[in-house]
Each structure stands twice: as C-alpha cells, then as structure tokens.
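Notes follow once the structure below has been shown.
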Amino acid sequence: MSDTSTTFQAPIGTHDVLGPESGQWENLIACFADFAYRYGFSLAITPMFEDVGVFNRGIGQNSEVAKKEMYVFEDRGRRLFALRPEGTAPIVRAFVQHQPTTPWKAWYVTPAFRYERPQAGRYRQHHQLGVEVLGTDDPAVDVEVITLAWRFYAAIGLKSVRLLVNSMGHDECRGAYVAILRDHLEANSSMLCDEHQKVWRENPLRVLDCKKASCIEVTSRGPMLPDHLCDDCRGHFDAVLEGLKSLGIEASLNPRLVRGFDYYTRTTFEFVADALDGAQNAIGGGGRYDKLAEQLGGKPTSGIGFGSGIERLLLARAAENDEPLRLVNRTLDVFVVDTTGEDVATVLVDALRAAGLACDRAYDRRSMKSQMKVADKSGARFALLVGPQELAAGEVTIRDLRSDNFGQAQQKAGRDDVVAVIANLLTK
RNA sequence: GUGGGCGUAGCUCAGUUGGUUAGAGCGCCAGGUUGUGGUCCUGGAGGUCGCGGGUUCGAUCCCCGUCGCUCACCCCA
C-alpha cells in the first residue's frame, strides 16, 4: 500500500486533459455556454452519481447502457448508486424533485461514465454538454433545441455535420407499430443476423439499426415507424420538420433512427460528422421524452433535449480543421522579468492583475536571458523588465515581444505609470 | 465481454540476427565576456529498454505471465 516506487496513471479509458489541449476544451465549453445563454437556458449542476433507479427507470433496464455499461457501486450506507452514464435522466430527476416553473430550460456540461472497452472516440469517462427543456411539447421547442445544436456546431467550425431525424410516436402509436414490426420480424426471423435472432422479440426496434445486410433486408421490406404515427404525432412531427425547413436547416428523415435509451417519444434526432468514420461518428443526439418525468415519479411533463460528446466534437473538428479553436482570448498580456535580486515582480504583477491584465512572471531568480526565454515562450505580448537600473530610477522597461525590431521594441515607463502605459499599448 | 497491434529518455522514435559504458531529433537546464527572447553554436541533466518469472555463461532483444496503451466488434457521445 505504501510502496512509493510504483506510480499511478489515469484509470483505463480515462484521460487527463492538460494544456494546450485543454484550451480547446475551454473554447468549446465557453462557446456552448454562450449559446445556451443566448437561447435562454440556465446552467444546471447535478450530482455525478444517482440512485441506480434514476437510470434503470429512465434509460430503460433493457438498454445496452443499463445492462452492462453502468458504473454501479454501493456506498457505506448500503445505498446503490450509479455514476451517470448520460445527462438527461439526472436533470429530469432534479426537475421532478424541485418542480421549477415551466418551461424550464437547463444546460449542462458533465462527465459521463460507461464501463466498456475504450477505443477511438469512446471512453469510460467522456464528457457531454447539452440542454433540456421541460414543461412543453410545443414543436417549436424541438426546433429550437435542434437549432441550438446545429448553429453551435457551425460556430465551432464543423462543416461535415448531417442531421438525421425520426419520430418514435407516443406510447400508443409506437406500441401499435412495434406489434406490427414484431409480426414482420417473426415471419422473417430466420433471416435475421445471429444476434438479433435471439433478441428481436424483446427489443424489435433494435433490429432497425442493425448494420448487417441480412437484418437490413428484412427491415427494409417491413413497416416503418413514421408511416404508423397517429394524427397527433404525425402533425407534431410535420411541424418540427417545417420549422427546421423555415430556418434552412437540412434534416434527413431516417426511419431507422432508434436511439439507445428507452425514454424517447416522438422527435428523435442525431448529428453525424462525416469527418469521423463509421462506428463513432455520432457527435450528438437527443429527442423528446414525454413520459420520463412520470417514470421518475413526477407529474406528467413533456421534455426534450440533446447531448453532445466533447471528445468527439473535438475529434471531428480536428479531422476537418488544422487550426485550433480560438473563440476566447487566453493570451498573456504581460510577462514580468525581474533581475533586481529582490522581489519587485510580486508587487508589479499584483498591480497589473488588479488592473485586469493577464500577467505571469518568472521564479527562482534566474538569469535575465533565461527569464526572457520564458517570457517568449509564454506568448505574452509585452515583457516588463526590472533590473538594478530600473529599480534605482523608479522605472520599468516595457518590451514588445511581438516586434521583430530588436532595437526599437522597448520603452521606459515610471513605476507608477506602468499599468496605464501598458493598457494604452494594448489598445493599439 | 471477444480479437489484432504495441510497450526503449518529458515527447516522437531508432537499435541490438542475445554479449562489455543503450542512441537520435525535439523539449528541458547552463553557457557563447560583463542587463534582453524568438535563429545559430557548445556543453549538461535525464532511461532498473512497462512489471514479474523462465531459458542462457550472459536478455532491452527469446519464451510465459501480468499490467498498460491502441485499434476493431457490440453499442453509443
């Protein structure tokens, strides 16, 4: 236990995100927060773990995630918890618990945990950002949520995104459809792929998104969900499609789009990035869940939301764009180089920061050359030099690190004027 | 859960058909005459060659195990 010779590393399927890569994350999250704000959402922070029931009843006990991917653990009080495998169920649980006035619009960024073998674009801990709206089934909300995602993807520079939509109908029309589908599968069960020969009866919808040719052939000759919607659901879906069209958002109907969680009703959608290949090209998805609040013990409340994987967004973006995201400014204004042998830097840096400037400094009383190298690498716009001469004269030397002109790249300023002088230089 | 590839300095990798002090580039640190970065030059630090066991006179190199990384299947973000 106390063997200090062994080292530790991040658990399987998890990653440390450090600079400069973390700068991409900052940018992405800041951009999303900005979008959420502009669309009228407020941030919701809920626990990383919940009673397992939240997920079993929410995403469905038969879903792949609930069956074999949840991080379930018992705490010291013998309560059974699960690390959240997704973002929606906890938000809805919070909604049911606190009953905020509706419509309630919440956004989130959170880690999500799934116990599975990691591979490209798939991890045991990944991160999602998303939004949820509870308390209305107005198709305009469906359109708004999808639009937010669509515009956000564009804002971060993704170009190869396609939007797939479908409608799952409500309980009754989906139930009727599933019965018809089941009959069709039964009649053709011998032609299904090995895996679905076993499970088509329990989960007929899953067969729809099987990629095996045999299953595709069977289902393509069978009934499709959108053709079996009741008038209400059909009308709702049409309104969503029209809304998207009116905004110039191109959606392609995909009757096979059956998402992994059981809580979906009516509108479902998925965003696919063609820059990523095959197995992990879904960068985001979501849909309506008009029964979820009830399933979690609340009053009947409609809801819709979407979630997007941060890692995949960044992967997709890197695949089609060499330039890193630079939506928020994270460059240093000033780097203080102190060679007085005393510690003038501490005071200077404090004054600059108090004035709102981004500022760093060297430590350990290194040589001027060494400190200048660090200043250069820091990316700061200006170096502030204080040596014995400046100290005696009550001055500092301000050097423009971006200038190629070594001779004229610097000027003196009085100690008391530094902040004002630099602030002024920065505006140029 | 199943299968493939890989594991040598901080990073990217070379290398030894098993044989004395294991290499490069980048990065890092220090210098290049007395206060100034980004180029260049010189020098330096840094590795129990993932870990454990086996074969051998001898293993970083061969064998077994183990841990980890990676990719794929399933499914998803």
Side-chain angles (χ1 to χ4, degrees), chain A residues 3 5-15 18 59 62-69 84-88 109-130 149 193-196 199 203 206 209-212 257-261 270-273 276-286 306-316 335 337-341 362 364 366-392 397-407 409-410:
Chain A
D3 179 6
S5 68
T6 54
T7 57
F8 298 105
Q9 51 186 308
I12 297 176
T14 70
H15 293 277
L18 313 173
I59 66 183
N62 283 326
S63 67
E64 292 291 313
V65 169
K67 268 192 306 196
K68 53 182 199 183
E69 294 182 359
R84 54 161 46 163
E86 57 102 39
T88 299
V109 197
T110 178
F113 306 86
R114 296 188 196 163
Y115 192 89
E116 58 191 337
R117 288 286 282 272
Q119 69 182 266
R122 183 221 255 160
Y123 314 101
R124 288 192 175 177
Q125 176 177 339
H126 73 281
H127 301 78
Q128 292 189 17
L129 34 78
C193 73
D194 293 349
E195 191 192 333
H196 287 114
V199 302
N203 205 343
R206 275 261 74 85
D209 69 352
C210 180
K211 289 160 193 97
K212 300 267 174 16
L257 182 63
V258 180
R259 299 190 38 83
F261 304 137
E270 195 165 289
F271 296 96
V272 174
L276 296 179
D277 37 35
Q280 298 88 20
N281 66 357
I283 56 170
F306 90 94
S308 219
I310 293 180
E311 285 86 348
R312 286 193 187 173
L313 288 173
L314 257 18
L315 238 35
F335 193 96
V337 172
D338 177 357
T339 56
T340 59
D364 301 325
R366 301 210 277 175
S367 71
M368 172 169 254
K369 176 171 180 165
S370 166
Q371 291 192 47
M372 282 303 294
K373 282 187 175 179
V374 180
D376 183 50
K377 265 174 290 195
S378 77
R381 176 68 200 280
F382 295 103
L384 212 64
L385 314 186
V386 206
Q389 283 174 26
E390 285 87 349
L391 187 59
T397 296
I398 300 168
R399 182 176 177 82
D400 185 344
L401 291 172
R402 288 192 202 160
S403 171
D404 293 329
N405 189 337
F406 276 37
Q410 59 189 46

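Labels below follow one simple rule: chain letters A, B, ... track the order of the sequence lines, proteins then strands, and each chain is numbered from 1.
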Holding to ring-ring contact (aromatic ring centres under 6.0 Å, His included), I want the full list of residues that pass it with A:F271, two or more places apart in sequence or in another chain.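 Expected list: A:Y153, A:F269.
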Under the rule for ring-ring contact (aromatic ring centres under 6.0 Å, His included), what residues qualify as partners of A:Y123, not counting sequence neighbours?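 With neighbours one apart ignored, the set is A:H15.
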With sequence neighbours excluded, residues passing salt bridge (Lys or Arg N to Asp or Glu O under 4.0 Å) with [X]:
X	answer
A:D376	none
A:E69	none
A:E311	none
A:K68	A:E64

Tell me whether the OP1 or OP2 atom of B:C71 has a side-chain N or O from A:Q119 closer than 4.0 Å.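 No, outside the criterion.
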When the [atom1] atoms of [N] and [M] are considered, how many whole Å apart are they?
N	M	atom1	result
B:A22	B:A9	P	14 Å
B:C75	B:U2	C1'	14 Å
B:C26	B:U17	P	28 Å
B:G58	B:U21	P	16 Å

Atom pairs under 3.5 Å, N or O on each side, protein against nucleotides 27-32 of chain B: can you list them with distances?
unit_1 : atom_1 : unit_2 : atom_2 : d
B:C28  : OP1    : A:K377 : NZ     : 2.6
B:C29  : OP1    : A:R366 : NH1    : 3.3
B:C29  : OP1    : A:R366 : NH2    : 3.4
B:G32  : N7     : A:K369 : NZ     : 2.9
B:G32  : O6     : A:K369 : NZ     : 3.0

If the sugar-phosphate is the primed atoms plus P, OP1 and OP2 and the base is the rest, what is the B/S/- string for nucleotides 1-6 of chain B, using protein heavy atoms under 4.0 Å? BBB---
What does nucleotides 41-46 of chain B look like as a protein-contact string, B for base, S for sugar-phosphate only, - for none, at under 4.0 angstrom between heavy atoms? ------
According to salt bridge (Lys or Arg N to Asp or Glu O under 4.0 Å), does anything in residues 379-391 of chain A pair up with another residue at least two apart or in another chain? List the pairs.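 Qualifying pairs, neighbours excluded: A:R381-A:D400, A:E390-A:K412.
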Under 5.5 Å centre to centre and under 30° between planes: does that hold for A:H127 and the six-membered base ring of B:A77?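 Aromatic stack with B:A77 absent for A:H127.
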With A:V272, which residues qualify under side chain to side chain contact (heavy atoms under 4.5 Å, CB included), at least two apart?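 A:V272: side chain to side chain contact (heavy atoms under 4.5 Å, CB included) contacts with A:R162, A:L164, A:E270, A:D274, A:N281.
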Secondary structure string for RNA chain B (Watson-Crick or G-U under 3.5 angstrom, | for other-strand pairs): (((((((..((((.....[...)))).(((((.......))))).....(((((..]....))))))))))))....
